[in-house]
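Down below is the structure, laid out as structure tokens.
If you're wondering where the values come from, they're calculated on a predicted model, not measured in any experiment.
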Amino acid sequence: PCCHIKEPEGEKYTIQDDGIQAYKDSAFLNELKQSLLDGKMHPSMCTVCIDQERLNMKSMRELEMEQLNLVYPNWTIEDGYVKAQFIFDNSCNLKCIMCDSLYSSKWRQEYKDIYGIDHKPSKVDNEVIKDFFYKHYKSLRHIQISGGETFMGPLGRDSAFLDSIIETGAQTNIDLFIETNGTIYPDEEIIGKLLEFQSVKFNLSIDATGARGEYIRFPSIWNEHKEIIQQIKQLSDRHDSFSMGIMHTLNIFNILYLPD
């Protein structure tokens, strides 16, 4: 349901292996949905948001509800999916210190080389995504693409994912939210297809600048990284449907240097 959920032991589903229907029919999901429909956060699955709200922090639940009420004020559960997040694989060119082999192919290789352990990530192929999208494209309005590094993975290898959306004609009603580490500039074919969407936001993961940034997001080189960031900013400035944002992972190495 979200990246903060504490799923019960043994209740791990993937769209690739299990399909969306098995996930929708699962006892844990229906228990969670009923709890939320009753106006209550689930006491064991929603602990992250419960703790954040208890500390007067804005939780993901509150942020998502704000967006839903703002952008889709008349939505009801019968309307179907309006938002989907896709994580295709862990293809990545960095080994960020706060990451692991689940989200970085470089970390996966290091675990194999040093510890002899191979944490295989989930992978989703384009046919599975196309099947899901063809069933739900009429209701979808917001798609988030995460990685790994998206311009090395699903938006780097080819344009099959974007093509599967464009084939339906639904792209003009969809806002794309692309998470990227900002070290790879998208090629012209991908940019051309992104321009067909209602809007595209490039959300760059940047935790620090200079040598500190290089340490946190190894093995990036800050001067090269900065140049790509500037290129993505210029791209966003040239097109009204494009925008750029920055997100960061707060950690002991950057907490005192956020103003940078």
Side-chain angles (χ1 to χ4, degrees), residues 2-7 9-18 84-130 132 143-162 164 176-187 189-190 202-229 231-232 246-255 257:
C2 75
C3 61
H4 287 165
I5 198 75
K6 303 293 186 184
E7 295 168 319
E9 191 70 31
E11 295 283 355
K12 191 74 174 179
Y13 292 83
T14 69
I15 190 173
Q16 177 76 31
D17 298 330
D18 306 292
Q85 180 183 12
F86 296 115
I87 302 175
F88 289 83
D89 59 32
N90 70 342
S91 299
C92 192
N93 58 335
L94 301 182
K95 291 191 295 185
C96 303
I97 58 172
M98 60 287 190
C99 197
D100 57 36
S101 58
L102 184 63
Y103 298 105
S104 169
S105 53
K106 280 192 171 291
W107 270 123
R108 180 186 177 189
Q109 188 60 50
E110 182 156 316
Y111 272 75
K112 289 166 66 177
D113 292 343
I114 296 178
Y115 304 110
I117 299 172
D118 187 12
H119 295 295
K120 294 181 180 180
S122 298
K123 283 196 173 186
V124 182
D125 62 49
N126 283 319
E127 290 306 312
V128 173
I129 295 299
K130 286 173 71 172
F132 170 83
I143 294 178
Q144 180 173 337
I145 307 173
S146 307
E149 167 48 38
T150 51
F151 290 122
M152 184 177 170
L155 300 185
R157 290 187 294 266
D158 54 51
S159 60
F161 172 67
L162 298 179
S164 67
L176 278 185
F177 186 92
I178 300 173
E179 294 182 355
T180 172
N181 61 34
T183 62
I184 299 176
Y185 187 77
D187 66 35
E189 180 188 7
I190 295 295
F202 304 100
N203 221 37
L204 278 60
S205 298
I206 303 172
D207 303 298
T209 60
R212 188 171 292 105
E214 293 176 347
Y215 179 79
I216 294 174
R217 291 192 173 269
F218 179 83
S220 65
I221 299 173
W222 175 245
N223 286 337
E224 296 176 2
H225 192 179
K226 182 169 63 174
E227 185 175 332
I228 300 296
I229 294 169
Q231 291 176 359
I232 295 175
I246 293 176
M247 59 184 181
H248 59 265
T249 302
L250 193 64
N251 58 67
I252 61 172
F253 301 103
N254 66 2
I255 190 169
Y257 304 94

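Surrounding CG of L250 are more than 12 heavy atoms belonging to other residues, nucleotides or ligands, all under 6.0 Å away. Sparse packing is recorded around OH of Y215, with 12 or fewer heavy atoms of other residues, nucleotides or ligands lying under 6.0 Å away. With a 6.0 Å radius and a threshold of 12 heavy atoms from other residues, nucleotides or ligands, Y103 has its OH atom at or below the threshold.
With N90 contributing its side chain and S101 its backbone, the two residues share a donor-acceptor pair below 3.5 Å. Proximity of a side-chain donor or acceptor of S104 to a complementary backbone N or O of L94 within less than 3.5 Å is detected. Listed for the T183 side chain is no donor-acceptor partner under 3.5 Å among the backbone atoms of H225. For W222 (side chain) and R212 (main-chain N/O), no donor-acceptor pair under 3.5 Å exists by modelled atom type.
Ring-plane geometry between F202 and F151 is classed as tilted, the angle between the planes lying from 30 to 60 degrees on a 0 to 90 degree scale. Between F88 and F86, the ring planes are tilted. Angles from 30° to 60° get that label.
Considering all non-hydrogen atoms of both residues, C92 and G148 come closest at CB-CA, 4.1 Å. Smallest separation of non-hydrogen atoms from A84 and F132: CB-CE2, 4.3 Å. The minimum heavy-atom distance between S220 and G213, with the atom names listed, is OG-O, 3.9 Å. The two residues I232 and G182 come nearest to each other via the heavy atoms CD1-CA, 4.4 Å.
There is a side-chain donor-acceptor pair under 3.5 Å between E149 and N181.
Note: I145 CD1 to N203 CG = 12.5 Å, rounded to the nearest 0.5 Å. Here I228 contributes atom CD1 and Y185 contributes atom OH; the two are 9.0 Å apart, rounded to the nearest 0.5 Å. One finds the NZ atom of K226 at 11.5 Å from the CD1 atom of I206 (value rounded to the nearest 0.5 Å). We find the OH-OG1 distance between Y257 and T209 to be 11.0 Å, quoted to the nearest 0.5 Å. Between the CD1 atom in I178 and the CG atom in L155 there is a gap of 5.0 Å [rounded to 0.5 Å].
Partners of D118 according to the side-chain contact (heavy atoms from CB on, under 4.5 Å) rule, which considers only residues two or more places apart in sequence or in another chain, are R108, K112, K120. Annotation: side-chain contact (heavy atoms from CB on, under 4.5 Å) contacts of D207 (sequence neighbours excluded): M98, I216, R217, H248, T249, N254.
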**OP:** Starting from the C-alpha separation in whole Å, work towards a yes-or-no answer on side chain to side chain contact (heavy atoms under 4.5 Å, CB included) for S146 and E179.
**Re:** CA-CA 5 Å; S146 307; E179 294 182 355; 3.1 Å; yes
